[in-house]
Visitor: 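Quick one: this structure, given as structure tokens, is what I'll be asking you about.
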2 protein chains.
Amino acid sequence: MLTIGELSRATGVKIPTIRYYEQMGLMAVAERSGGNQRRYESHDRERLSFIKHARDLGFTIEAIRELLELSAHPDRPCVDADEIAVRQLQAVRNKIAKLRLLEKELDRMTSRNHDDQVKHCYVLQSLANHDMCVSEHQRP
Amino acid sequence: MLTIGELSRATGVKIPTIRYYEQMGLMAVAERSGGNQRRYESHDRERLSFIKHARDLGFTIEAIRELLELSAHPDRPCVDADEIAVRQLQAVRNKIAKLRLLEKELDRMTSRNHDDQVKHCYVLQSLANHDMCVSEHQRP
DNA sequence: ATAATAGCTATAGATACTGGAGGAACAGAT
DNA sequence: ATCTGTTCCTCCAGTATCTATAGCTATTAT
């Protein structure tokens, strides 16, 4: 039996976050001690590790809920889980592509900045004038 | 004179977002028509374009506030604006590096997924077991 | 004059947590 | 048995950046 603090240390998930996951229905409602404190078993630790791992990979709570649903029904085809992961992979690749463009522009902005007055500041000029962009860019 | 809708179409910033920026003090409190509707001039459009551009580059509202402050005082040294941009560039490079690790792992997860039952699903196994990771990864 | 479009305010919701206040429980030392 | 220090509880508020809805009013075109 683990206390919430032990579970937190074991998984690297902060205590309020664990309670939040319980509230959101990602973690089962925990058993309680006589004094109303949460007590966990090792399968709770595994489930929470799964959740943390998926969050670290950028899966949303909703996607994780789907994945947990899937893993609870081991006879259903794996295609669904795969599809979620593929979607995630595409999102990650999109983000990388956009961030590369931003990197290019920021690099250009800063590396030219050898003047020392704001009125000649390349950073501010670049931001004021979209025409100077190397490329179309969007919210990252 | 532009209405809020025209300003929105001219800059690509949604109407509620423009009002939000006014509330946050990024945009000046707009003049009003007789019927209490906001009216804008071309300098408002330029300022909003600056804000949108900076947001697209990932600057926070706070950083943008600083940049707008700086550009209002053209005699101060440019170093501060440069520093904000450099900070932003570093953050972007960090994000890219982390996302590359995630990409690697997600790719590995999905490309091996040729089984068709959840109980053998590589995606779910990977998420359940951190030991299978190629690398340490963190929240993106 | 009427209808369609666009605007107003105020409030709530989305996302995924994080932190604090105020108090109760537990573990170990005396 | 009591004291002390740590950990836990609930509830509420706040973060950042919008987005959306409801209910109402203004403007524009015909």
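Quick note on labels: first sequence line is chain A, next is B, and so on, each numbered from 1.
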Visitor: Name the residue closer to the 5' end of DNA chain C, choosing between A:Lys14 and A:Arg39 according to the nucleotide with the nearest heavy atom.
Guide: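 Per heavy-atom nearest nucleotide, the more 5' residue is A:Lys14.
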Visitor: Would you call A:Arg38 and A:Leu2 a side-chain contact if the rule is heavy atoms closer than 4.5 Å?
Guide: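 No; the side chains remain at least 4.5 Å from each other.
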Visitor: Please report the distance, rounded to the nearest Å, between CG in B:Leu7 and P in C:dG7.
Guide: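 Atom CG in B:Leu7 sits about 10 Å away from atom P in C:dG7.
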Visitor: Under 4.0 Å from OP1 or OP2 of D:dC8: is there any side-chain N or O of A:Ser33 that close?
Guide: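 Indeed not, no polar side-chain atom of A:Ser33 lies that close.
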Visitor: Looking at C:dC8, I'd like to know if its phosphate oxygens (OP1 or OP2) sit under 4.0 Å from a side-chain N or O belonging to B:Arg38.
Guide: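 For B:Arg38, the contact criterion (side-chain N or O under 4.0 Å from OP1 or OP2 of C:dC8) is met.
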Visitor: What nucleotide, of C:dA16, D:dC18, C:dC26, holds the atom closest to the side chain of A:Gln37?
Guide: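 Among the listed nucleotides, the one closest to the side chain of A:Gln37 is C:dC26.
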Visitor: Using only side-chain N and O atoms of B:Arg32, determine if any of them is under 4.0 Å from OP1 or OP2 of D:dT25.
Guide: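 For B:Arg32, the contact criterion (side-chain N or O under 4.0 Å from OP1 or OP2 of D:dT25) is not met.
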Visitor: Atom CD1 of A:Ile64 to atom C1' of C:dT15: distance rounded to whole Å?
Guide: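 The answer, rounded to whole Å, is 12 Å.
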Visitor: Between A:Arg65 and A:Glu62, is the closest basic N to carboxylate O distance under 4.0 Å?
Guide: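 Salt bridge present between A:Glu62 and A:Arg65.
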Visitor: Nearest-Å distance, CD1 (A:Ile18) to C1' (C:dT18)?
Guide: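 Computing the A:Ile18:CD1 to C:dT18:C1' distance gives 14 Å.
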Visitor: What integer distance in Å separates A:Met1:CE from C:dC26:P?
Guide: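 My rounded result for the distance is 13 Å.
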Visitor: Identify, between B:Ile15 and B:Gln23, the residue whose nearest nucleotide on DNA chain C lies closer to the 5' end.
Guide: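 It is B:Ile15 whose nearest nucleotide is closer to the 5' end.
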Visitor: Quick one: is B:Arg19 getting a side-chain N or O under 4.0 Å of the D:dC18 phosphate, OP1 or OP2?
Guide: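 Checking D:dC18 against B:Arg19, no side-chain N or O comes under 4.0 Å of OP1 or OP2.
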Visitor: Decide whether A:Ile96 and A:Val86 are clustered together by the hydrophobic rule: side chain heavy atoms of Ile, Leu, Val, Met, Phe, Trp, Tyr closer than 4.5 Å, transitively.
Guide: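 Not linked; separate clusters.
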Visitor: Could you state the atom-to-atom distance from CD of A:Glu62 to C1' of C:dC17 in whole Å?
Guide: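 From A:Glu62 CD to C:dC17 C1': 16 Å.
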Visitor: Just the rounded figure in Å: distance from C1' of D:dT7 to OH of A:Tyr40.
Guide: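 The answer, rounded to whole Å, is 14 Å.
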Visitor: Between B:Ile4 and B:Gln37, is any pair of side-chain heavy atoms under 4.5 Å apart?
Guide: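 Side-chain contact under 4.5 Å: no.
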Visitor: To the nearest Å, give me how far apart CE (B:Met24) and C1' (D:dC18) are.
Guide: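 Whole-Å distance recorded here is 10 Å.
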Visitor: Is A:Tyr21 near enough to C:dA16 that one of its side-chain N or O atoms lies under 4.0 angstrom from OP1 or OP2?
Guide: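 No, outside the criterion.
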Visitor: Rounding to a whole Å, what distance do you find between B:Ile61:CD1 and D:dT19:P?
Guide: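 Whole-Å distance recorded here is 11 Å.
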Visitor: Taking OP1 and OP2 of C:dG7, is either one under 4.0 Å from a side-chain nitrogen or oxygen of B:Thr3?
Guide: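 True: B:Thr3 side-chain N/O within range (under 4.0 Å) of C:dG7 OP1/OP2.
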Visitor: Of the listed nucleotides (C:dA16, C:dG19, D:dT19), which one gets closest to any side-chain atom of A:Pro16?
Guide: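 The nucleotide sitting nearest to the side chain is C:dG19.
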Visitor: Please determine whether a side-chain nitrogen or oxygen atom of A:Thr17 lies at a distance below 4.0 Å from atom OP1 or OP2 of C:dT18.
Guide: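 Yes, because at least one side-chain N or O of A:Thr17 sits under 4.0 Å from OP1 or OP2 of C:dT18.
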Visitor: Do side-chain atoms of A:Asp107 reach the backbone of A:Lys104 as a donor and acceptor pair under 3.5 angstrom?
Guide: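 No, the answer is negative, given that no donor and acceptor are paired below the 3.5 Å cut-off.
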